[in-house]
K.L.:
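Below is one structure. I have some questions about it.
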Protein chains: 2
Amino acid sequence: MRSCSVAESARDFFWAVYETGLLNRLSAHVSREWGRLSGRLKITIRDVARAAGVSVTSVSRHLNGQINLPEPTASRIRQAAERLGYRPNAIARRLSSGKSETLGLIIAYPLFAEIASASEAEAARHGYNLLMFNSRNLVEKEVSFLSRIEDRQVDGILLLTNHHDDGRLLRRINETGNVVLLDEDVPGAKAPRLFADNVHGGLLATRHLIARGHTRIAAIGGPRGLLSTTERLDGFTQALGEVGLRADPALLRFCEYEEAPASIAFLDLLEQNEPPTAIFTFGDMLATGAMRAARQAGIRIPDDISLVSFDDIHNADLLAPALTTVRQSAAEFGTRGINMLLDFIAGRKSETVIERVGVELVIRSSVASPHGRPSGRSIAHTGAGSPDGLPVSAREEEQES
Amino acid sequence: MRSCSVAESARDFFWAVYETGLLNRLSAHVSREWGRLSGRLKITIRDVARAAGVSVTSVSRHLNGQINLPEPTASRIRQAAERLGYRPNAIARRLSSGKSETLGLIIAYPLFAEIASASEAEAARHGYNLLMFNSRNLVEKEVSFLSRIEDRQVDGILLLTNHHDDGRLLRRINETGNVVLLDEDVPGAKAPRLFADNVHGGLLATRHLIARGHTRIAAIGGPRGLLSTTERLDGFTQALGEVGLRADPALLRFCEYEEAPASIAFLDLLEQNEPPTAIFTFGDMLATGAMRAARQAGIRIPDDISLVSFDDIHNADLLAPALTTVRQSAAEFGTRGINMLLDFIAGRKSETVIERVGVELVIRSSVASPHGRPSGRSIAHTGAGSPDGLPVSAREEEQES
DNA sequence: CTGAAAGCGCTTACAG
DNA sequence: CTGAAAGCGCTTACAG
């Protein structure tokens, strides 16, 4: 037995008073005070049942809306719960029901925080909590977080990883189940996936560069072998192929999706014998890395070199120069991801589905013609009309004057 | 009784096999397979106790490190747990111990996501989870989130609100306890607080403007009455007073910490008969709002009007122009906030402490002299030498060339 | 040192 | 319709 004799006698006293019926005659205000006092005693479902003169079973079922009680009983329960200030204990409910009503989100970088906010909002809409895990892109962390599914801390997890899997992740995912993959793949995993339309994005970005007159185009991708890298590179190569160009291996760089290595890659690219006139970075983190390097080295964008990117991070339109980039909505990843996860958990979604979030080119000011002339609207992307008939979706924002 | 007869018989079968001792002779690999299989049966502490030939009490205590068992017993337990793939059920543990090992964070805007990441990381360092709540700055949401403390879903909450309290928040906080206030105050609340050094920040920003030769200086603050607004305004007024200037009420604007109203306030300010030559925005959101408005209206910063802000958001250095702003570290808010909360919960921190996160001026390119000349380093902030002897901490970053 | 047993506060088959 | 009671999987006084 617990050592809660003080609380116990307080509780007894409370009930002694309560059962005199005196309380019922007190004003609402005083009753509420009582409720608050008793709140300290942790009002449980038993207390409510006692006050309403019914069984805990009835209280539980009524409060969970699993039953339609005759009005007098129902309102007695409701009033008792209200008067006592009853709040069901979520932990106890979880233990007995086996459900946590909580979802988890594993994000690789703090920068994906925008996805976190959107996920939280959507989870809340469905009555779920959102537990956040920051894996810093470390397998050990990811694996350990995933096991929260097993101890029922969370009902399912949205996994956003950013590295190649050595098999550990795959195994863990298939053991725990109830995960949805976001943004990057873990090949073989039994999990629904939500990816960006990477190939199309690569296509749009590269066609835009070509339309502006570039032919010597470099690319800075994420880690080799990652889905995002592979697919965006596909789009890149494909767009080049459309006009009879080929990707020059000397102009291809791959690195983590981080600023520092992108800075290095950028500078390295410009030191080539025949430097590129434009670069396609596969992520805005890569682009800002390049921009910082450019600023320090006195290289002007787009005058000296054009830059097109992928993501459309917050404030990308206010950067110097305003960044031309392929937009993928972080919020959409969060919102749709949560829904896919909920559907998957409920058995409404198969473990083989792959969905895509759409992308669009947002044209701003980081791309000029190879001759250093700022790009005019005259050379607009009608020139990028796609030979294969694919529509070129592009949005133009206000350009810097 | 639950309807788990299949699981039950599977479990019985498992134990029947187990007790033949056959399992012990199987290879580690096969054992692990068994563990995984049995994982489906939910290995509990009882199973471990049974396998190790001890009581659940011993297993619990040993696994929780509350006791030093003689080595043979200890290792039998450890091995059994390992072999069976035992994972303690966090929910059950919470119900019996009354602790959730989870902290909550209520954030007013998705943009505070940087704080969320830092909080998560620090909570994890202490073995805690982080449940994220997105209040969208709504009292109802905040109040409802706070009650998670009462149902023991979380042990404590970091509260970041951004509006004036009508009393509801105060009442709730004092009822639930275990909250730490971040960034903004809820007057009267019994909670430790972590605020930015707002007065000093306002001082630094304004002195910088004055040192560059500005005398007609406007301010766009957050909502009136909010701690951040009041204190930054204090610093503003104080700095003006240092050189015998006074804040012109016609040049003061207050609005939500959002972009849209800041755009309006900015334009409005410039339509004055005697427009200001410089503006101090009390948050970078306000600054970017002003920058967007400026861009659309063809107003150049800093040539037409100078801008100094507060926050130092991500990529502020890459904006056009690079934003001169008072830095407060979002990460520090998260990290220190979590530690304060943990200390408060443990009774190691009083409900009356107010701590401050330091600020520093980061000088970039959004401030010029009132004549439209870009600010040269020659007019550096030595000119802002403070009459009252306060040091002017300022950091200069690379300026745009 | 060790363990049987009560208890945490719910949910939910099962039996009136 | 209604309720007594078992059970979720732990922790922890209490008694050997």
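Chain A is the first sequence line, chain B the second, and so forth, proteins listed ahead of strands; every chain is numbered from 1.
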K.L.:
Just compare D:dT2, D:dG9, C:dT2 and give me whichever is closest to any side-chain atom of B:T44.
P.N.:
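The closest nucleotide is D:dG9.
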K.L.:
Which part of the nucleic acid, if any, lies within contact of A:T57, taking any heavy atom under 4.0 Å across all strands shown: a base, the sugar-phosphate backbone alone, or nothing?
P.N.:
base
K.L.:
Is there a donor on the side chain of A:R61 or the base of D:dG3 sitting less than 3.5 Å from an acceptor on the other?
P.N.:
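Yes, a donor-acceptor pair under 3.5 Å.
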K.L.:
Check the distance between C:dC10's C1' and B:R93's CZ and give it to me in whole angstrom.
P.N.:
20 Å
K.L.:
Checking side-chain polar atoms at under 3.5 Å, does A:S58 have a donor or acceptor matched by the opposite partner on A:S55?
P.N.:
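Per modelled atom types, A:S58 and A:S55 side chains form a pair under 3.5 Å.
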K.L.:
In whole angstrom, give the distance that lies between atom CD of A:E71 and atom C1' of D:dC1.
P.N.:
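A:E71 atom CD is separated from D:dC1 atom C1' by 15 Å.
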K.L.:
Quick one: which of C:dT11, C:dG3, D:dT11 gets closest to the side chain of A:S96?
P.N.:
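When the side chain of A:S96 is considered, C:dT11 is the closest of C:dT11, C:dG3, D:dT11.
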K.L.:
Per the side-chain contact (heavy atoms from CB on, under 4.5 Å) rule, which among B:T161, B:L158, B:L341 passes with B:L182?
P.N.:
B:L158
K.L.:
Is A:S58 close enough to D:dG3 that one of its side-chain N or O atoms is under 4.0 Å from OP1 or OP2 there?
P.N.:
yes
K.L.:
Taking atom C1' in both C:dG16 and C:dT12, compute the distance separating them and give it to the nearest angstrom.
P.N.:
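Here C:dG16 and C:dT12 have their C1' atoms 16 Å from each other.
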K.L.:
From CG of A:L95 over to P of C:dT12, roughly how many Å is that when rounded to an integer?
P.N.:
12 Å
K.L.:
Within this structure, what is the CG-to-C1' distance between A:N68 and D:dT2, rounded to whole angstrom?
P.N.:
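Rounding to the nearest Å, CG of A:N68 and C1' of D:dT2 are 15 Å apart.
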K.L.:
Using atom NE2 of A:H62 as one end and atom P of C:dT12 as the other, report the distance to the nearest whole Å.
P.N.:
17 Å
K.L.:
Report the nucleotide, chosen from D:dT2, D:dG9, C:dC10, that has the shortest atom-to-atom distance to any side-chain atom of A:L69.
P.N.:
D:dT2
K.L.:
Between B:R76 (side chain) and B:A52 (backbone), is there a donor-acceptor pair under 3.5 Å?
P.N.:
yes
K.L.:
Does C:dG3 have a Watson-Crick or wobble mate here (both distances under 3.5 Å), and if so which one?
P.N.:
D:dC14
K.L.:
May I have the distance from A:D47 (atom CG) to C:dC10 (atom P), rounded to whole angstrom?
P.N.:
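About 9 Å, once rounded to whole Å.
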K.L.:
With no hydrogens and no angle check, do the side chains of A:N339 and A:H126 hold a donor and an acceptor under 3.5 Å apart?
P.N.:
yes
K.L.:
Send over the distance from B:N64 CG to D:dT11 C1', rounded to a whole Å.
P.N.:
8 Å
K.L.:
Taking for each residue the nucleotide of DNA chain D with the nearest heavy atom, is it A:V54 or B:R87 whose nucleotide lies nearer the 5' end?
P.N.:
A:V54
K.L.:
Let me know the distance between CD of B:Q66 and C1' of D:dC10, rounded to the nearest Å.
P.N.:
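After rounding, the reported distance stands at 12 Å.
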K.L.:
Toward the 5' end of DNA chain C, which comes first, B:S55 or B:A92, by nearest nucleotide?
P.N.:
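Counting from the 5' end, the first nearest nucleotide belongs to B:S55.
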K.L.:
Using 4.0 Å as the upper bound for N to carboxylate O, is an ion pair formed by A:E120 and B:R136?
P.N.:
no
K.L.:
Which part of the nucleic acid, if any, lies within reach of A:S60 when heavy atoms closer than 4.0 Å are counted: base, sugar-phosphate only, or nothing?
P.N.:
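Touches a base.
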